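Please read the structure below before turning to the comments.
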There are 2 protein chains.
Amino acid sequence: MFRGQFIHKISKTGRISVPSKFRDNLQKKYKTRSLVLSTFENSIICYPLTEWEKLEKKILDLPQFKRETIEFERYLIGNAHECEIDGEGRIMVPNILRNTFKINDSAIFVGLLSRFEIWSEKDWNKSVKTSFKKFQNSREVINEL
Amino acid sequence: MFRGQFIHKISKTGRISVPSKFRDNLQKKYKTRSLVLSTFENSIICYPLTEWEKLEKKILDLPQFKRETIEFERYLIGNAHECEIDGEGRIMVPNILRNTFKINDSAIFVGLLSRFEIWSEKDWNKSVKTSFKKFQNSREVINEL
DNA sequence: GCGTATTTTGTCATATTTTGGCATAATAGG
DNA sequence: CCTATTATGCCAAAATATGACAAAATACGC
């Protein structure tokens, strides 16, 4: 499972090393060295390739001309890029995604069980400020846990 | 069961020894040498790995694009780090958590039955001052005991 | 209270991870 | 086809985590 937060430097060319714990999990649990990066809310969302493909299968079952399907696809699939992890444990974050989220110097990796997110420091800090409050609200929903 | 309070020194690198009573309980009752540390209110919350994984399983069943799920995950999972107890009974507290709660010199371990918390001395002392009053209020609510 | 056993803490050496730099390869644009 | 730009592979330095050992502090039994 992907968990926790890690802050890493990103090179001028968009290279960044994936946290080693994430890499281990990727290898052991998902048997892959590839990630699919896409956009979601204010950050880059990252799926193990194998998980992403499951998601695609589910999306294929949605009614293909329904407005919601198309809009969901344009957003999630239309921004998806496959990235392989190199020998040093790094990936290249595509420019389009980097520019969209203004990820320049450092980036925060945030584990979310079966996937993780990459945030710009600035946006993450902004989101953290309200995160406990949001958590409090979401807690109501998840009372039975 | 985890009970009571213990104060321990934390090294510059973030290493701290887990109270031996907690270690014994972890081994005997939960059959693990690993903890998961996360944030909750004003301290680091610590679960035996085996208990934590039960929680994760429940979370995995929630709809993954729903707002509440994500906000819950970002807060609880996004701050969760697995820590193994080493040969000397110590764990490494990740920098991110240490910085969040300003745990620098000494830390207080507080047992809460199936889990425990790690506090900075300062915050713990602050919380102690109001804790009897809070207890008085909570007493009204906890009727069925 | 005293001696022994256990627990906690400090230090150092080693291993792993992350980062930066550079040379080469691939690609796109003119 | 040549050039400019971007991507990739490789190496090494820096930063960080881990393991081992030993000293200090504390708890325990007598």
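Numbered from 1 within each chain, the chains take letters A, B, ... in sequence-line order. We use all heavy atoms of the structure for the numbers below, so side chains are in, but hydrogens, waters and symmetry mates are not. Only a predicted model underlies this, so the values are computations on that prediction, with no experimental measurement involved.
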Is B:Phe101 linked to B:Val36 within one hydrophobic cluster, defined over Ile, Leu, Val, Met, Phe, Trp and Tyr using a side-chain heavy-atom separation of less than 4.5 Å?
no
Do B:Ile70 and B:Ile77 belong together in a cluster built from hydrophobic side chains that touch within less than 4.5 Å?
no
Nearest-Å distance, [atom1] ([X]) to [atom2] ([N])?
{"X": "A:Asp86", "N": "C:dT18", "atom1": "CG", "atom2": "C1'", "value": "12 Å"}
{"X": "A:Ile85", "N": "D:dG9", "atom1": "CD1", "atom2": "C1'", "value": "16 Å"}
{"X": "A:Ile91", "N": "D:dA7", "atom1": "CD1", "atom2": "C1'", "value": "14 Å"}
{"X": "B:His81", "N": "D:dT18", "atom1": "NE2", "atom2": "P", "value": "13 Å"}
{"X": "A:Met92", "N": "D:dG9", "atom1": "CE", "atom2": "C1'", "value": "13 Å"}
{"X": "A:Gln27", "N": "C:dT16", "atom1": "CD", "atom2": "P", "value": "17 Å"}

Min side-chain heavy-atom separation A:Leu26-A:Asp24 under 4.5 Å
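No. Closest side-chain heavy atoms not under 4.5 Å.
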Pair B:Lys54 + B:Glu51: basic N to acidic O under 4.0 Å:
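Answer for the salt bridge query: yes.
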Should the ring pair A:Phe22 and A:Phe6 be called parallel, tilted or perpendicular, given that the plane angle runs from 0 to 90° and is split at 30 and 60?
perpendicular
Mind checking whether B:Trp119 and B:Trp124 have parallel, tilted or perpendicular rings, split at 30° and 60°?
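If you compare the ring of B:Trp119 with that of B:Trp124, the planes turn out perpendicular.
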Per-nucleotide protein contact string for nucleotides 4-10 of chain C (B base, S sugar-phosphate only, - none; heavy atom under 4.0 Å):
---SBBB
Sequence-aligned protein contact record of nucleotides 24-30 of chain C, with B where the base is within under 4.0 Å of a protein heavy atom and S where only the sugar-phosphate is
-------
Take the C1' atoms of the five end pairs on each side of the helix from C:dG1-D:dC30 to C:dG30-D:dC1, derive the two axes, and give their angle rounded to 10 degrees.
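Comparing the axis at each end, I get an angle of 40°.
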Got a second to check how far [X]'s [atom1] is from [Y]'s [atom2], nearest 0.5 Å?
{"X": "A:Ile16", "Y": "A:Thr13", "atom1": "CD1", "atom2": "OG1", "answer": "11.0 Å"}
{"X": "B:Phe2", "Y": "B:Lys29", "atom1": "CZ", "atom2": "NZ", "answer": "8.5 Å"}
{"X": "A:Asn25", "Y": "A:Gln27", "atom1": "CG", "atom2": "CD", "answer": "10.5 Å"}

Kindly determine whether A:Glu121 and A:Lys102 satisfy salt bridge (charged side-chain N to carboxylate O under 4.0 Å, His left out), including the steps that lead there.
CA-CA 9 Å; A:Glu121 251 190 302; A:Lys102 303 210 176 25; over 6 Å; no
Do A:Phe72 and B:Phe65 have ring centres separated by under 6.0 Å?
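Yes, the ring of A:Phe72 comes within the 6.0 Å limit of the ring of B:Phe65, centre to centre.
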